[in-house]
Amino acid sequence: MNKLTLKTEGDTHVIVTRHFDAPPEAVFRAHTDPKIVQQWVLGPEGWTMPVCINEAKPGGKIRYEWKHPKQGGFHLTGEYIELVPYSKIVHVERMFLPDPTPDNHVETRFEPDGAGTKMTMRMTLPDAKTRAAMLATGMEKGMEASYVRLESMIGNLMPSAASH
Amino acid sequence: MPLDASFAALADPTRRAILARLALGEATVMELAKPFEMTEPAISQHLKVLEEAGLIVQRVDGARRPRRLAKPGLDQVDQWLAMLRKALEKNYDRLDGVLAAMQSEHKKKR
């Protein structure tokens, strides 16, 4: 059973953990090989990632562009800070919606867990207010409208989350 | 829906501790001030933020004004986190499939 946990920590962190039934090497590759990233960092059904630049080296650029037939598109840019094959990825990213969101510092660790991998992703926002806003994005106009908004936020959180 | 306010209210460690205490049952300002080693005005200020965020409510009991958790306010936060979790799960479930394909590909090559 691969259960995801998501919790806030302190004033500026969001921590996500998840087990994968594949060794750290494979999970690490899935996060850094653009051809693989394009297959799964997509959020809800209907979104595609026509552009995926992922230079997995310190200082390397990240650029993901998403598209939806009805809801338009948005993109994310980022830079790698540190990569330790196959155990750690540190990067910074921001979304363009279309204005840039504050930088989200993301540290993702992969540890052997039985025959698989335990992933721990720690997101750090500049301040508590940003994290609160990030967590609250999509709720301003009620659940219905927010669900649509959440889809772009998946862009926000998920790619950070998911992609690295 | 003061969800933004909810998260801002939750961003403070003292306020999270107050909520944890209230999860055990209602308490007055005086009862809360003692374990937190804070003055009553300081506690009252935190309670005001929590109340405005819809996370707690107060009850009138003679001269006492005990506070307790406001279920609907907390549900909103939970609901939002549940939505985010659902979204993340979608990506990672998809990744499970990608990893399975990578693994069988790997085995074939060997």
Side-chain angles (χ1 to χ4, degrees), chain A residues 2-8 10-12 14 16 18-23 25-27 29-31 33 36-45 116-117 119 121 127-143 146-147 150-151 153-159 161-163, chain B residues 1-20 23 45-46 49-50 52-55 70-110:
Chain A
N2 293 334
K3 202 169 176 314
L4 175 136
T5 70
L6 183 153
K7 59 177 187 179
T8 55
D11 286 352
T12 57
V14 177
V16 176
R18 174 72 150 75
H19 172 92
F20 295 100
D21 297 330
E25 184 180 343
V27 183
R29 269 188 56 209
H31 280 76
D33 180 335
I36 304 175
V37 168
Q38 263 175 321
Q39 293 172 40
W40 67 274
V41 185
L42 301 172
E45 299 299 335
T117 302
M119 182 203 75
M121 184 171 56
D127 50 53
K129 197 167 168 270
T130 301
R131 187 189 68 181
M134 186 165 130
L135 289 177
T137 304
M139 292 301 285
E140 321 143 319
K141 292 188 182 83
M143 294 293 286
S146 75
Y147 195 75
L150 178 71
E151 298 194 339
M153 185 180 52
I154 275 152
N156 274 326
L157 277 178
M158 298 271 332
S163 67
Chain B
M1 233 196 260
L3 204 92
D4 201 21
S6 296
F7 279 104
L10 287 170
D12 182 89
T14 304
R15 289 196 286 272
R16 286 197 299 271
I18 290 172
L19 290 174
Q45 190 52 44
H46 283 304
V49 174
L50 289 169
E52 281 170 3
L55 294 168
K71 198 69 172 59
L74 291 177
D75 280 351
Q76 273 179 27
V77 176
D78 284 348
Q79 210 166 16
W80 188 85
L81 285 174
M83 282 167 71
L84 172 63
R85 183 173 289 115
K86 209 164 145 186
L88 283 166
E89 273 165 359
K90 193 102 191 166
N91 266 13
Y92 291 134
D93 287 349
R94 206 180 269 129
L95 176 56
D96 282 339
V98 170
L99 289 168
M102 281 167 73
Q103 295 302 101
S104 58
E105 190 74 7
H106 190 63
K107 272 179 201 144
K108 253 188 261 166
K109 278 180 190 161
R110 272 202 269 193

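The sequence lines fix the lettering, A, B, ..., with proteins before strands; numbering per chain opens at 1.
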Please round to the nearest 0.5 Å and tell me the distance separating atom CD of B/E89 and atom CZ of A/R18. 7.5 Å
A/Q39 to B/R94 - nearest heavy-atom pair and separation: O-CD, 3.4 Å
Taking side-chain contact (heavy atoms from CB on, under 4.5 Å) as the definition, give me every residue that meets it alongside A/R29, ordered by chain and number, with sequence neighbours left out. A/D33, A/I36, B/M102
Could you measure the distance from the CG atom of A/D21 to the CG atom of B/D96? Nearest 0.5 Å is fine. 6.5 Å
Name the orientation class of the two ring planes belonging to A/H31 and B/Y92 (parallel below 30°, tilted from 30 to 60°, perpendicular beyond 60°). tilted
